[in-house]
**Q** 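Below is a structure I'd like to ask you about.
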There are 2 protein chains.
Amino acid sequence: MSIGIKGLAEHLNLSIGTVSRALNDRPDVNPETRKRVGEAALALGYVPNQSGRSLRRGQTGVIAFMMETGHEITGQGDAFFMSIFDGVQTVLGRHHLDLVALLCPSDEDAGDYLKRMVSRGIADGIIISSTKRIDPRIDFLASRGVPFVTLGRSSTDAGQPWIDIDFEAMARQAIDRLVARGHERIAVTVPDDDANLGHVFLDSARQAHSAHGLVLDPELALPFRPNEAGGYAVAGRLLALPERPTAVVLLNPSLAAGLYRGLSEAGVRPGRDIAVIGRESPQSPYLSPSLTRFREDLFGCGMALCEALLASMPRYADIYPTGTIRRIWPTELIDGESDAFRAGR
Amino acid sequence: MSIGIKGLAEHLNLSIGTVSRALNDRPDVNPETRKRVGEAALALGYVPNQSGRSLRRGQTGVIAFMMETGHEITGQGDAFFMSIFDGVQTVLGRHHLDLVALLCPSDEDAGDYLKRMVSRGIADGIIISSTKRIDPRIDFLASRGVPFVTLGRSSTDAGQPWIDIDFEAMARQAIDRLVARGHERIAVTVPDDDANLGHVFLDSARQAHSAHGLVLDPELALPFRPNEAGGYAVAGRLLALPERPTAVVLLNPSLAAGLYRGLSEAGVRPGRDIAVIGRESPQSPYLSPSLTRFREDLFGCGMALCEALLASMPRYADIYPTGTIRRIWPTELIDGESDAFRAGR
DNA sequence: AAGGCATCCGTAAACGTTTACGGTAGTATT
DNA sequence: AATACTACCGTAAACGTTTACGGATGCCTT
């Protein structure tokens with residue numbers, strides 16, 4: 001098809017070795033020759049064949065981010081992943097690495113899919129997200145020796161680096177705040193699958209309750225699907241409870257909009273009739289009444305994630321601090337009006 | 001690192017050629033040998049090196065879908081891309097091909113990014129989405145000879161296959177319907193960039209107006225950002241118009257929720273005070289009053305997209321109909337209450 | 001002037017596959 | 001029994017790079 005390094009070398013009356021060195025900015029090549037080669041490459045539209053290069057170098061220059069299409073990327077928090085991608089790509093850019101997303105079909109087992117992609121050798125390192133409490137992908141990647149990092153902890157531990165948002169602090173702060181305002185029946189939301197963050201959040205919420213001498217009614221742990229419709233459904237379930245909670249904490253960014261819609265249809269107004277604490281999303285700044293919510297520096301989180309990955313790759317060991325990086329990523333509470341409602345005494 | 005075909009061959013006392021043939025299910029190899037090889041491969045955990053294979057075969061077995069992270073994947077219609085992915089992957093699965101997403105950083109030129117990815121040889125075929133009226137990516141891919149298909153037409157035409165949603169019909173049906181209900185001041189929404197669908201939609205809306213002896217007031221073409229906040233902004237701009245339109249047509253699936261929110265804050269109720277026609281999104285089934293909206297079979301669209309791509313690849317020429325496929329994908333109007341409002345006589 | 005050194009470049013092997021070709025058996029055909 | 005065919009397998013070249021090694025040239029040192 002197009003020209004290779006061989007054709008380029010012939011055209012320049014040089015050996016392919018020299019051309020390769022010139023293109024890769026290696027030391028022992030005449031600056032003038034280097035210039036000639038560069039110009040000719042541009043003129044002839046030469047692009048290195050990545051397969052040949054990967055074969056020889058044993059690396060691809062690509063980092064992969066795995067996500068599942070069935071879960072609706074967006075549902076997990078809209079700008080959430082996009083912001084993280086931006087952070088990841090910022091770091092990758094410094095090393096001439098690129099990012100691709102591995103899109104696991106909804107009807108396929110995530111483990112099988114990952115296995116296929118890894119055996120394709122599509123990437124030098126992998127980021128997996130939405131970790132489950134028990135996540136076979138982790139053991140698999142570890143056994144294969146592929147550098148990887150997880151966004152989210154897991155009880156499946158292979159000693160890999162991870163970055164995770166501080167859901168403990170989130171639960172504690174939310175509960176503390178609500179209890180201080182007189183609430184005793186506080187609903188919390190939990191994912192409807194084995195997502196690890198759900199377990200972390202629920203455990204912490206329970207602990208925070210007992211720290212105040214309260215106990216979290218199991219009935220008040222409402223399962224959700226991570227999208228707007230899921231928030232709407234939560235509103236329905238919440239209003240249908242025999243003894244209505246006076247407050248609710250939303251674990252997922254997408255829920256607030258749907259919850260607001262569901263509540264408003266029932267004439268229940270956040271901040272006046274019920275206290276709501278949620279998470280930052282593209283919609284949240286526009287919600288009315290303004291949402292009291294947790295926000296994270298997701299761009300920074302993406303950067304940290306990427307740095308943790310690179311630090312675990314031998315090739316970049318000299319650039320990034322050694323040792324496996326594991327960080328709990330801080331979250332910040334933004335005051336709004338949605339939790340202004342105080343429970344009766 | 002791990003075992004290669006050479007080690008496998010030594011372990012079996014076979015030549016690498018035979019092992020390769022056995023693994024690739026080629027005819028001239030003893031069934032028993034084939035079995036032995038397969039078992040040994042499994043036992044030793046052999047996985048073919050994709051770089052070596054690609055180098056030799058000249059293909060990667062991967063199809064790439066390019067999107068821009070800056071535009072917020074979700075913003076362009078949430079489940080929109082996810083449904084399309086599902087369709088694409090269904091077809092790809094039939095040919096042992098896989099899908100990856102190329103995530104162009106928001107701050108990088110889409111053309112440059114694509115150029116890098118193509119030169120990486122990361123995929124055998126490329127799908128590009130969100131085509132612009134003038135889209136340099138198209139010329140580039142054509143000049144490189146990479147098989148590709150676009151989701152969306154463009155005035156940059158390189159003879160490539162495309163699939164595009166029927167925005168003409170959408171504009172026509174919406175305007176016809178609204179005019180029939182007495183509306184004469186109908187606002188339409190258009191993307192705030194050079195997206196091709198914006199041009200198509202606006203042109204058709206104009207034609208539909210003149211077919212009824214009306215003219216579309218340029219002031220009523222409201223620019224939008226493709227997400228919920230964009231819908232909210234549209235509501236604001238719409239209500240601020242000196243002479244308020246009696247109807248509005250939303251081109252993007254994400255707009256309706258934000259628009260509803262904006263309108264409701266101003267006490268304006270869709271279907272009672274203004275007619276609204278939008279597009280299907282994950283939220284739309286839950287909106288109240290129910291949204292009159294256009295819906296497409298996006299799963300099927302993804303399949304068609306993928307088939308159009310494969311049909312343009314010599315390798316699959318015998319499986320898919322020859323010739324470059326270009327299809328306008330039908331859209332369907334779902335009745336709701338949001339456009340019940342009839343303009344005065 | 002002979003040796004040493006630096007600079008630049010060519011040679012060839014290697015990365016892990018695939019595949020056209022030829023070779024060796026064994027079996028069937030004349 | 002010579003021939004032809006089939007079934008299976010090994011050999012080796014090829015894909016497009018990178019890179020260790022050595023060779024050639026010219027300059028500087030003694």
Side-chain angles (χ1 to χ4, degrees), chain A residues 1-38 40-41 44-62 96 118-122 124 144-145 315, chain B residues 1-38 40-41 44-62 96 116 118-122 124 144-146 315:
Chain A
M1 97 155 86
S2 62
I3 194 173
I5 202 175
K6 193 168 162 190
L8 192 57
E10 281 171 7
H11 180 262
L12 286 163
N13 276 339
L14 286 173
S15 74
I16 58 173
T18 304
V19 173
S20 173
R21 277 190 298 265
L23 291 173
N24 291 31
D25 279 328
R26 315 216 113 240
D28 48 350
V29 49
N30 192 320
E32 193 185 345
T33 313
R34 190 195 312 282
K35 186 154 155 274
R36 266 181 64 213
V37 172
L44 300 184
Y46 166 78
V47 285
N49 177 306
Q50 189 61 24
S51 296
R53 177 173 282 180
S54 300
L55 179 58
R56 175 63 218 217
R57 288 197 189 159
Q59 49 160 346
T60 65
V62 170
H96 298 278
V118 166
S119 76
R120 270 199 198 299
I122 206 172
D124 298 334
R144 264 287 202 291
R315 192 184 164 78
Chain B
M1 72 165 95
S2 61
I3 194 173
I5 202 174
K6 194 167 160 189
L8 193 57
E10 282 171 7
H11 180 264
L12 286 163
N13 276 339
L14 285 174
S15 74
I16 57 174
T18 304
V19 173
S20 174
R21 277 190 298 265
L23 292 171
N24 291 32
D25 279 329
R26 313 218 115 238
D28 46 351
V29 48
N30 191 319
E32 193 184 345
T33 312
R34 189 196 313 281
K35 186 156 156 272
R36 266 181 62 214
V37 172
L44 300 184
Y46 165 78
V47 284
N49 177 306
Q50 190 60 24
S51 296
R53 176 173 280 180
S54 300
L55 178 58
R56 175 62 218 215
R57 291 215 259 225
Q59 50 159 348
T60 65
V62 170
H96 298 276
R116 263 217 323 286
V118 167
S119 77
R120 270 198 198 299
I122 206 172
D124 298 334
R144 265 286 201 293
V146 185
R315 191 182 166 77

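In what follows, chains carry the letters A, B, and so on, assigned in the order in which the sequence lines appear, proteins first and then strands, with residues in each chain numbered from 1.
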**Q** Could you walk me through whether B/Arg53 and B/Asn24 pass side chain to side chain contact (heavy atoms under 4.5 Å, CB included), step by step?
**A** CA-CA 11 Å; B/Arg53 176 173 280 180; B/Asn24 291 32; 4.1 Å; yes

**Q** If I take atom NZ in residue B/Lys6 and atom C1' in nucleotide C/dT18, what distance separates them, rounded to the nearest angstrom?
**A** 16 Å

**Q** Measure CD/A/Glu10 against P/D/dG16 and give the value in whole Å, please.
**A** 12 Å

**Q** Counting heavy atoms from C-beta on, name the nucleotide in D/dT19, C/dC9, C/dT18 closest to the side chain of A/Arg26.
**A** D/dT19

**Q** Ignoring hydrogens, what is the shortest heavy-atom contact between A/His11 and A/Ala40? Give both atom names and the distance.
**A** ND1-CB, 4.5 Å

**Q** Rounding to an integer number of Å, can you tell me how far B/Leu23 CG sits from C/dT19 C1'?
**A** 14 Å

**Q** Can you tell me how far the CG atom of B/Leu8 sits from the CG atom of B/Leu23, to the nearest 0.5 Å?
**A** 6.5 Å

**Q** If you compare all heavy atoms of B/Ala9 against all heavy atoms of B/Ser15, which two are closest, and at what distance to 0.1 Å?
**A** CB-C, 3.9 Å

**Q** How is B/Gly4 classified with respect to the nucleic acid when contacts are heavy atoms under 4.0 Å: base, sugar-phosphate, or nothing?
**A** sugar-phosphate

**Q** Of the non-hydrogen atoms in B/Asp124 and B/Thr60, which two are nearest, and what is the gap between them?
**A** OD1-N, 2.6 Å

**Q** Reckon B/Thr18 has a side-chain N or O less than 4.0 Å from the OP1 or OP2 of D/dG10?
**A** yes

**Q** Is there a donor-acceptor pair closer than 3.5 Å between any side-chain N or O of B/Arg26 and the backbone N or O of B/Ser20?
**A** no

**Q** Hey, mind stepping through A/Asp28 and A/Arg21 against side chain to side chain contact (heavy atoms under 4.5 Å, CB included) and telling me if it holds?
**A** CA-CA 8 Å; A/Asp28 48 350; A/Arg21 277 190 298 265; 3.7 Å; yes

**Q** In whole Å, I'd like the distance from the CZ atom of B/Arg34 to the C1' atom of D/dA7.
**A** 12 Å

**Q** May I have the distance from B/Arg36 (atom CZ) to D/dC8 (atom P), rounded to whole angstrom?
**A** 14 Å

**Q** Using a heavy-atom distance cut-off of less than 4.0 Å, which residues of residues 46-56 of chain B contact DNA chain D?
**A** B/Leu55, B/Arg56

**Q** What integer distance in Å separates B/Gln59:CD from D/dC15:C1'?
**A** 13 Å

**Q** Using a cut-off of strictly less than 4.0 Å, decide whether A/Asn24 has a side-chain nitrogen or oxygen near OP1 or OP2 of D/dT18.
**A** yes

**Q** Below 4.0 angstrom from OP1 or OP2 of C/dT18, is there any side-chain N or O of B/Ser20?
**A** yes

**Q** Can you check the A/Leu12 CG to C/dG10 C1' distance for me, whole Å?
**A** 15 Å

**Q** Across the strands shown, which category fits B/Pro27 at heavy-atom distances under 4.0 angstrom: base, sugar-phosphate, nothing?
**A** nothing

**Q** Between C/dT18, D/dT18, D/dC8, which one does the side chain of A/Ile5 approach most closely?
**A** D/dT18

**Q** What is the nucleic acid contact for A/Arg21, judged by heavy atoms within less than 4.0 Å: base, sugar-phosphate only, or nothing?
**A** base

**Q** Between B/Arg57 and B/Asp28, who's closer to the 5' end of DNA chain C by nearest nucleotide?
**A** B/Arg57

**Q** Grab the CD1-P distance between B/Ile16 and D/dC15 for me, whole Å please.
**A** 16 Å

